[in-house]
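What follows is one structure encoded as structure tokens, with my remarks underneath.
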Amino acid sequence: MKHTVENAILGAVETLLKTKWEISELPRFEVEAPKNEAHGDLATNLAMLLARPLKRAPRRIAEEIVEEITGNSSDLFESVQIAGPGFINFRFSNAFWHENLYKILHKDRLYLRRNIGEGRRVQVEFVSANPTGPLHIGHGRGAAVGLALSNLLEAAGYKVEREFYINDAGRQVGLLGLSVYVRYQQVLGSKIELPENAYQGDYIGEAAEALIAEIGKKYLDVPFDKCGEDITDWSYRRMLAEIKTDLENFGIRFDSWKSEKSLYAANEVQNALDALKEKGYLYEHDRALWFKSSSFQDDDKDRVVVKQDGEYTYFASDIAYHKDKLDRGYDYIIDIWGADHHGYIARISAVLQAFGYDKDRFQVILVQIVSLLRKGLPVKMSKRSGEFITLREVVDEVGADITKFIFLTRRSDSHLDFDIETAKQQSSENPVFYVQYAHARINSIFRQAPAKGFSNVDRNNMQDIDVSRLTEPEELGLIRKLCTYPMIFEAAARAYEPHRITFYLQELAGLFHSYYRKHRILVEDDREQALARMTLARAVEIVLHEGLTILGVQAPEKM
RNA sequence: GCCCCCUUAGCUCAGUAGGAUAGAGCACAAGUUUCCUAAACUUGGUGUCGCAGGUUCGAUUCCUGCAGGGGGUACCA
């Protein structure tokens, strides 16, 4: 609908440029929905922007434009008015809205989706939790955002791949192995102390028990350097399997799982460093190897890639990993990180530039910390001490849909207090149910329809139904709202902000609930009106379903 | 010290590529069901948009400074 107004303006201005105006170029003007409904459906600031170059009062200019427009396309608009300092407000005619309603019904959903990706390949990497323990609520937020963003971009015409990066090569994984090893020995009666920095959660004990069940006393009193590798390997695979299960229960499936170890195995880390060295971006200092990060604008200091002791830093494998991603041919790579990693962005960006990649192809979405509360009191979260609530526990207690939806009712970079009790207590008045309920209600209407005398209505084929009877303010309001979805969708996709969809859906559901209470849809004694209203309801259902699906939340037919 | 993010209604938060009278949910109060799902609806009200400057026709939005909150600033992961 934005294009409609833009075209009307451009058409009018074209003749004015030829005849009355003594300028050659048009400034970039806006066409936006005014905050205040009384100001029409869309408004432009063009006349105000032209005031200076044309040296005339903005309202005078607006008058000229309006005169042209109303002469050209009077059937599209109910009114085109000048207001305030020189805004031009457009109000569409009912016929225009009715015409647009059909576009929503169209099977291919192209009207809703806008192809801005044009088939370009995007990789979204998210969660990527260390396989050293269960997922916690913060991972859950990253997971929800990653899922929704992937879906959003996919709907916007990108070819999306979801990846989980497994940190299976570092010291932390070794520490996990050691922790399980020690607990294994302890359970079997060997007197051995758990090192202070080891993991201590219950899940370590559970892993030890499972290990005993699997291999018995095979490694009892065997020194760690003899069996550590086996146990470490076994332990992180077990943790990874748990993580995978948790994510699946949360409704998330990855297209690929990339192992850090595999990068080392293929010698990619060393190869990447060699390549950097060849380009002159590595140097030795204090017997360590450094990357010249500071020669790129974003980073303020150089970074170590190989330590004094000859070990690679975590950064070294990240260099190889991010290089590998772009080498794999993605047009864009998006990383979703906890906000505490934001200092890391600059050096990765520097690395990619060092390899000659455009830095715009790498994007990081920061997800702020989640504070987990119970009845307003903070729940302590420390992986070391093992005192924390896992994502699994939260999902079991609260539900996957509610949890995801709550994460998506905020911008990802703002802090979030997640109160388990509140999420549960409000479950009957929870925003996610509010939206789902609207969807279920519409489905219920269509289930009822045959019994009320509307037996041969095909939900997928309603384009021929006459909707000109939809003239109630609530009906036109709903259509108007439906027609803004493409704009919301496009803005959300361009900004990588799925939460905009969440807010839109709540508003749309609100309008529908209100309409539903006020007007009967299956009007028994007026078939034409009933059919028109069913068509409207169907359009609402389509958009709700579309939006919920993008968020990764169920759109139930019954509740 | 330096860098990044946040500060909007009692609470939790939307909203800014500068625009007209700044929004929602929760909480609180009162009402709505012979009728397609009451997980719903209707009505009721509050703001120094953290503070102070600047830029301009116009600033919650952009710039600078300050304050408060959070995070980062490892040859940790």
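Order of the sequence lines sets the chain letters (A, B, ...), proteins ahead of strands, with each chain counted from 1.
The aromatic rings of A:F77 and A:F90 sit tilted relative to each other, their planes meeting at an angle between 30° and 60°. Using bins of under 30°, 30° to 60° and over 60° for the plane-to-plane angle, the ring pair A:F296/A:F291 lands in the parallel bin. Relative ring orientation between A:Y283 and A:W290 is described as parallel, the plane-to-plane angle staying below 30° on a 0-90° scale split at 30° and 60°. The aromatic rings of A:F418 and A:F407 lie tilted to each other, with the angle between the two planes from 30° to 60°.
Lacking a ring centre under 5.5 Å from that of the base six-membered ring together with a plane angle below 30°, A:Y434 does not count as stacked on B:A40.
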Dump the pairs, protein N or O against N or O of nucleotides 70-75 of chain B, anything under 3.5 Å, distances to one decimal.
residue, atom, partner, partner atom, Å
B:G71, N2, A:H342, NE2, 2.8
B:A74, OP2, A:K301, NZ, 2.5
B:C75, O2, A:Q308, N, 2.7
B:C75, N4, A:D286, O, 3.3

Within the sub-3.5 Å range, which N or O atoms of nucleotides 8-10 of chain B have a protein N or O partner, and how far apart are they?
none

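Within residues 519-538 of chain A, the residues approaching RNA chain B are A:H519, A:R520, A:I521, A:L522, by heavy-atom distance under 4.0 Å.
The shortest distance between side-chain heavy atoms of A:V306 and A:T313 does not fall below 4.5 Å.
For A:N89, the listed nucleotide lying nearest its side chain is B:A20; candidates were B:G15, B:A38, B:A20.
Put simply, the side chain of A:N45 and the base of B:A20 share no donor and acceptor less than 3.5 Å apart.
Listed by first and then second residue, the salt bridge (Lys or Arg N to Asp or Glu O under 4.0 Å) pairs involving residues 500-516 of chain A are A:K481-A:E507, A:E497-A:R500 (not counting sequence neighbours).
Residue A:S514 has a polar side-chain atom (N or O) positioned under 4.0 Å from OP1 or OP2 of B:U42. Proximity of A:R517 to the phosphate of B:A38: a side-chain N or O atom is located under 4.0 Å from OP1 or OP2.
The side-chain tip of A:R441 does not point at the ring of A:F512 from less than 6.0 angstrom away and within 45° of straight on.
Stretches of at least 3 consecutive Watson-Crick or G-U wobble pairs, with each checked distance under 3.5 Å, appear in RNA chain B as B:1-7 with B:67-73, B:10-13 with B:23-26, B:28-32 with B:40-44, B:50-54 with B:62-66.
In this structure, A:L49 places its CG atom 15 Å from P of B:G58, rounding to the nearest Å.
Using a 4.0 Å heavy-atom criterion, one finds that A:F503 contacts the sugar-phosphate atoms exclusively. Using a 4.0 Å heavy-atom distance criterion, A:A346 is classed as making no nucleic acid contact. If you check every strand for non-hydrogen atoms under 4.0 Å, A:A43 touches a base.
Every residue two or more places apart in sequence or in another chain that forms a side-chain hydrogen bond (donor to acceptor under 3.5 Å, both in side chains) with A:E475 is listed here: A:Y515, A:R533.
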